[in-house]
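Written below as structure tokens is the structure these notes are about.
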Amino acid sequence: MSQMHPRMKREQKTVELMIALYCRDHHHTKRELCHECRELVEYTRLRLKNCPFQENKTTCGNCPIHCYTPKLRDKIRVVMRYAGPRIAWRHPILAIGHMIDGRRKEPGSKKKNKE
Ligand SMILES: [Zn+2]
């Protein structure tokens with residue numbers, strides 16, 4: 001975990017913040033996440049860790065590989081839809097970073113290299 005690329009760390013942090021925000025507002029938790037949301041966090045950690053693209057990845061929402069199970073994918077989607085706009089207020093730097101990452105073309109797609 002400590003070896004994680006900063007890009008991946010940020011992604012993880014963003015996701016966790018969103019889940020925490022969602023949990024607090026929907027499951028009325030205070031500091032701790034509810035069991036369900038904790039599981040979701042664990043799951044996203046695992047997915048990011050196993051992501052074949054790592055720091056070159058686009059955001060999960062734009063990724064061509066849908067590695068989440070349909071059930072959890074729906075869940076995370078709901079969380080993002082709710083927390084995405086809200087987090088932009090509180091953590092603008094994270095939100096902007098996430099937006100920029102989302103513009104990246106997925107690796108392996110045809111791209112014009114300007115090297
Ligand atoms: Zn929850």
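Indexing begins at 1, ligand by ligand and atom by atom, following the structure's order.
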Do other residues, nucleotides or ligands put more than 12 heavy atoms under 6.0 Å from Glu32 CD?
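No, the 6.0 Å shell around CD holds no more than 12 heavy atoms from other groups.
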
Does His26 bring an N, O or S atom to within less than 2.8 Å of the Zn ion (ligand 1)?
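It does not: His26 brings no N, O or S atom closer than 2.8 Å to the Zn ion (ligand 1).
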
If the cut-off is 2.8 Å, does any N/O/S atom of His35 fall short of it from the Zn ion (ligand 1)?
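Under 2.8 Å: His35 has no N, O or S contact with the Zn ion (ligand 1).
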
Output the atom name for the N/O/S atom of His27 with the smallest distance to the Zn ion (ligand 1).
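Relative to the Zn ion (ligand 1), the closest nitrogen, oxygen or sulfur of His27 carries the name ND1.
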
A cation-pi test, strictly: NZ or CZ of Arg45 under 6.0 Å from the centre of the six-membered ring of Tyr43 and no more than 45 degrees from its axis. Yes or no?
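No, cation not above the ring by the 6.0 Å, 45° rule.
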
Within 45° of the axis and under 6.0 Å from the centre of the six-membered ring of Tyr22, does NZ or CZ of Arg24 qualify?
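Checked: cation-pi criterion not met.
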
Specify the closest pair of heavy atoms between Cys23 and Leu33, including all atoms of both residues, with the distance to one decimal.
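Taking Cys23 first and Leu33 second, the nearest heavy atoms are CB-CD2, 3.8 Å.
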
Given the Zn ion (ligand 1) as the apex, I'd like the angle to SG of Cys34 and SG of Cys37, rounded to 10 degrees.
110°

